[in-house]
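We count ligands from 1, going down the list as the structure has it; atoms in each ligand are counted the same way. Keep in mind the model is a prediction, meaning the values are calculated, not measured.
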Amino acid sequence: MLAFRCLMAIGALLSLTTAAVAAEPAPGFTAVPLGGSVSVLQGYECNIAASVGDDGIVLVDTCGTKVAERLLTAVQRLSPKPLRFVINTHAHGDHTGGDALFQKLAPVIAHHNVRTRMAAGNEKTRDKPAPPEALPSVIYDSEMVLHLNAEEIRLLHLPPAHTDGDTVVFFKKANVVCMGDVFMSPAVSFGDRWYGGGMSGLIAALEFVLPQIPADAKIVPGHGVISTREDVARGLEVLKQMKAVVDEGVRDGKTLEQLQAERPFDKWRTSVPAWSSSDKSLDGWVRDFYREIAQKPAPAPTN
Ligand SMILES: [Zn+2]
């Protein structure tokens with residue numbers, strides 16, 4: 001009996017030790033609780049959301065290949081429970097780089113365009129085809145719901161925006177929304193035309209999804225700090241203002257070079273990602289809008 005009690009005591013001690021270890025983040029990744037079962041793992045180039053509860057762990061995105069092992073260590077320290085599902089918000093390698101490793105533990109879920117683009121690779125962006133074991137094994141089309149950890153996890157595919165396979169993930173009970181790269185805080189995101197995205201599409205997708213986001217939701221951007229619905233609305237407004245400037249230039253018959261020479265996007269230098277804020281990069285933003293708008297000009301204002 002005494003031996004049994006000692007074993008019980010040792011068991012309790014081990015549980016405490018495990019709990020102490022669980023609170024300790026892996027080097028480089030920091031777990032920040034957001035609400036309910038959901039935390040975000042931060043420290044590298046993208047934000048990884050994790051729902052942790054009695055049913056196990058659900059992960060949103062797997063960051064880059066180089067940090068996959070480190071991310072796995074961080075995830076395993078969140079809970080001894082098994083990884084149940086991994087969700088990819090889109091096909092870019094800084095969000096799917098750990099898929100091959102994580103899919104050894106749990107299925108990866110994504111929109112079908114993510115699997116298609118990962119399998120094909122991309123010559124323009126020099127992305128190699130992903131190995132078969134990295135390809136998402138559970139594919140959805142427009143919407144999907146998971147019920148785990150007493151949470152309703154809703155996956156919603158957006159019209160072509162950042163890419164043509166963007167998924168926004170709603171954790172209903174925790175009131176957390178993972179935007180993938182449709183939103184980057186504090187800057188606006190961009191439409192990657194080599195991955196089926198576009199600037200006008202990004203605006204349309206944000207207009208589509210914004211009304212579905214609760215006013216007090218915590219927003220997990222693909223990159224950057226945890227944000228609010230207001231931040232997303234502000235980003236949308238900047239994109240619409242950018243588009244309006246180029247719309248007007250195209251209507252006035254300006255060439256791309258003439259419009260770029262006017263430096264119309266300089267005032268939004270701090271609204272675009274820092275790596276994309278040089279003069280040359282801002283020219284690229286004008287060009288991306290111009291190319292789409294010149295193909296399909298907006299109708300002239302009626303008043
Ligand atoms: Zn991306």
Side-chain angles (χ1 to χ4, degrees), residues 40-49 59-68 71 86-100 102 108-130 134-136 140 155-169 177-206 208-209 219-227 231-232 235-236 238-239 242 271-277 281 284-285 288-289 292:
V40 63
L41 291 164
Q42 294 181 310
Y44 285 89
E45 65 262 39
C46 73
N47 289 320
I48 309 296
L59 205 63
V60 180
D61 283 338
T62 61
C63 215
T65 306
K66 285 180 182 171
V67 298
L71 176 61
V86 174
I87 300 163
N88 284 158
T89 59
H90 63 294
H92 284 155
D94 56 339
H95 294 256
T96 59
D99 282 10
F102 282 86
V108 175
I109 306 172
H111 185 262
H112 59 78
N113 287 341
V114 174
R115 183 180 166 96
T116 304
R117 291 201 175 273
M118 286 175 68
N122 196 307
E123 282 184 15
K124 294 287 184 188
T125 55
R126 298 183 187 167
D127 291 329
K128 292 180 183 156
L135 300 178
Y140 84 101
L155 286 64
L156 178 66
H157 176 243
L158 300 183
H162 178 64
T163 69
D164 59 8
D166 297 314
T167 290
V168 171
V169 184
V177 182
C178 298
M179 299 293 289
D181 279 358
V182 172
F183 176 66
M184 297 179 186
S185 171
V188 296
S189 186
F190 64 97
D192 182 349
R193 66 194 178 104
W194 303 121
Y195 272 76
M199 303 309 297
S200 301
L202 183 59
I203 291 172
L206 286 169
F208 167 70
V209 77
I219 304 293
V220 180
H223 305 268
V225 299
I226 302 304
S227 305
D231 295 325
V232 180
L236 170 60
V238 169
L239 287 168
M242 287 174 160
S271 296
V272 301
W275 47 264
S276 189
S277 60
S281 292
W285 282 78
D288 286 354
F289 274 103
E292 290 178 19

Query - Trace of the salt bridge (charged side-chain N to carboxylate O under 4.0 Å, His left out) decision for D164 with R117 - result: CA-CA 9 Å; D164 59 8; R117 291 201 175 273; 2.8 Å; yes
Requested in this report: May I ask you to check whether N113 and T116 show a side-chain donor-acceptor distance below 3.5 Å?
Outcome: no
**Report entry** Qualifying residue for side-chain contact (heavy atoms from CB on, under 4.5 Å) with T167, from M179, H90, H111
**Finding:** H111
Requested in this report: Examine D181 and say whether one of its N/O/S atoms is closer to the Zn ion (ligand 1) than 2.8 Å.
Outcome: yes
Report task. Establish, from distance only, whether the side-chain atoms of T62 and D99 form a donor-acceptor pair under 3.5 Å. Result -> yes
Query raised in the report: What angle sits at the Zn ion (ligand 1) between NE2 of H90 and NE2 of H162, to 10°?
Result: 100°
Report summary line: Atom name of the N, O or S atom of H92 nearest to the Zn ion (ligand 1) is ND1
